[in-house]
Visitor: 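Quick one: this structure, given as structure tokens, is what I'll be asking you about.
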Amino acid sequence: MTLRILRLIPGLILYGVADAFMIRAAIGVDPWTVFAQGVSLHSGFGIGILTNVIGLLVLLLWIPLRQRPGIGTILNILLVGPGIELGLWLLPVPVTLWARIAFFAVGLVLLAVASGIYIGAHLGPGPRDGLMTGIHRRFGTPIWVGRTAVEVTVLAIGWVLGGNVGVGTVAFALLIGPLCSVTLPPFDPEHRRRRARERAAAAEPAGAAYSAGTLL
């Protein structure tokens, strides 16, 4: 447990820094960050603080969905926002289009790595991910339906409020899934052990047949 928490904490901070790279790129961000940007423009609060507050409000929606948070859920709410603020403080504003594209690409890859770290810790989903799985368990809808409905809703609200919707938003939607499928296995010991058992089970019949043949 302690080792997983020690992995989880830098992973969540890295997630926030990755978000900051994409925010600085200013070519479009993920739906939840679009929403936080829109609220920030009208409230005057920083995106990092609002990310924490929105995460907490989303967590309250878990109650009717009968979801239970883990320690990873709580740390997600507490650490991703400060990670964003840290990244925005450290990173310069890119001027040229190519620099902005590079910032976005770095942020997207870092976010996929950070997702692999925090998901692989198995200490509870983030509040937004848990909302999707909670809708699935409570109402029986496919996860993709609940996820799409929620993210389209927050994207639309954030866009109306002035959040940054652009080509980066589309790139995020198309690429984050495949990237996470690459970054999750190296940071998920349980996944590696499961794959090893599957490979061993697949190889066992052939090995057994070979052994029987040599005895004959």
Side-chain angles (χ1 to χ4, degrees), residues 12-65 67 69 73-74 76-95 97 99-101 103-108 110-112 114-115 125-135 141 143-177:
L12 291 173
I13 295 173
L14 179 63
Y15 193 102
V17 172
D19 254 342
F21 267 97
M22 291 187 287
I23 292 169
R24 282 284 188 247
I27 58 172
V29 289
D30 67 277
W32 285 100
T33 305
V34 170
F35 180 64
Q37 283 181 323
V39 176
S40 175
L41 289 173
H42 291 269
S43 68
F45 291 105
I47 295 175
I49 294 173
L50 286 171
T51 297
N52 286 9
V53 172
I54 292 169
L56 180 59
L57 293 176
V58 170
L59 186 61
L60 295 178
L61 296 177
W62 285 29
I63 297 173
L65 297 175
Q67 285 276 92
T73 309
I74 305 303
N76 186 295
I77 294 172
L78 294 175
L79 295 178
V80 172
I84 292 175
E85 294 295 342
L86 175 64
L88 292 176
W89 179 66
L90 290 173
L91 295 171
V93 177
V95 177
L97 177 60
R100 289 159 59 193
I101 293 173
F103 262 53
F104 184 88
V106 169
L108 188 61
L110 286 179
L111 191 139
S115 297
R128 298 156 188 82
D129 294 328
L131 178 63
M132 317 304 174
T133 57
I135 291 172
T141 56
I143 289 179
W144 73 266
V145 172
R147 186 181 189 96
T148 301
V150 171
E151 296 205 350
V152 167
T153 300
V154 299
L155 177 63
I157 295 172
W159 178 61
V160 169
L161 293 175
N164 183 14
V165 179
V167 65
T169 309
V170 178
F172 181 92
L174 293 176
L175 297 176
I176 190 61

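Remember, it's a predicted structure, so these values are computed and weren't measured experimentally.
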Visitor: Treating R100 as the side-chain partner and R24 as the backbone partner, does any N or O pair qualify as donor plus acceptor under 3.5 Å?
Guide: no
Visitor: For the side chain of S40 and the backbone of A36, is there at least one donor-acceptor N/O pair under 3.5 Å apart?
Guide: no
Visitor: Please examine the side chains of L61 and Q67, heavy atoms only from C-beta on, and report whether any two atoms are closer than 4.5 Å.
Guide: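 In short, these two side chains do not touch, never coming nearer than 4.5 Å.
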Visitor: Tell me every residue that passes side chain to side chain donor-acceptor pair (under 3.5 Å) with E85, counting only those two or more places apart in sequence or in another chain.
Guide: none
Visitor: What are the two closest heavy atoms between L161 and L41, and how far apart are they?
Guide: O-CD1, 3.9 Å
Visitor: After noting the C-alpha distance and the side-chain angles of D30 and T33, does the key distance pass the side chain to side chain donor-acceptor pair (under 3.5 Å) rule?
Guide: CA-CA 5 Å; D30 67 277; T33 305; 2.6 Å; yes
Visitor: Restricting to non-hydrogen atoms, name the atom on W62 and the atom on G130 that form the minimum distance, rounded to 0.1 Å.
Guide: CZ2-CA, 3.3 Å
Visitor: Could you report the tightest heavy-atom contact between P64 and L60, atom names first, then the distance?
Guide: CD-O, 3.6 Å
Visitor: Does anything in residues 17-49 pair up under ring-ring contact (aromatic ring centres under 6.0 Å, His included), and if so which pairs, sequence neighbours excluded?
Guide: F21-F103
Visitor: Hey, is the main chain of V165 close enough, under 3.5 Å, to the side chain of T169 for a donor-acceptor pair?
Guide: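 A pair under 3.5 Å: no.
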Visitor: Within the structure provided, determine whether V150 and I135 are in side-chain contact (heavy-atom separation under 4.5 Å).
Guide: yes
Visitor: Keeping D19 on the side-chain end and I84 on the backbone end, is there a donor-acceptor pair under 3.5 Å?
Guide: no
Visitor: How many angstroms lie between CD1 in I77 and CG in L57, if you round to the nearest 0.5 Å?
Guide: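 With rounding to 0.5 Å, CD1 (I77) is 9.5 Å from CG (L57).
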Visitor: If you round to the nearest 0.5 Å, how far is CG of L86 from CG of L79?
Guide: 11.5 Å
Visitor: Working to the nearest 0.5 angstrom, can you tell me the gap between L56 CG and N52 CG?
Guide: 9.0 Å
Visitor: Can you establish whether the number of heavy atoms outside W159 located under 6.0 Å from its atom CH2 is more than 12?
Guide: no
Visitor: How about N164 and V34: do any of their side-chain heavy atoms sit closer than 4.5 Å?
Guide: no
Visitor: Just to verify, what does E151 make a salt bridge (charged side-chain N to carboxylate O under 4.0 Å, His left out) with, not counting sequence neighbours?
Guide: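 In terms of salt bridge (charged side-chain N to carboxylate O under 4.0 Å, His left out), with neighbours along the sequence ignored, E151 is linked to R147.
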Visitor: Nearest 0.5 Å, please: how far is CD1 in I47 from CD1 in I23?
Guide: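 CD1 of I47 is found 4.0 Å from CD1 of I23.
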Visitor: Report the C-alpha distance between T73 and N76 in whole Å, list the side-chain angles of each, state the deciding distance to 0.1 Å, and finish with yes or no for side-chain contact (heavy atoms from CB on, under 4.5 Å).
Guide: CA-CA 5 Å; T73 309; N76 186 295; 5.6 Å; no
Visitor: If I compare all heavy atoms of M22 with all of L111, which pair ends up nearest, and what's the gap?
Guide: CE-CD1, 3.5 Å
Visitor: Identify the heavy atoms of P94 and A99 that sit nearest to each other, and give their distance.
Guide: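 Closest pair (atom of P94, atom of A99, distance): CB-CB, 3.7 Å.
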Visitor: Kindly compute the distance separating CE (M132) from OG1 (T141), expressed to the nearest 0.5 Å.
Guide: 11.0 Å
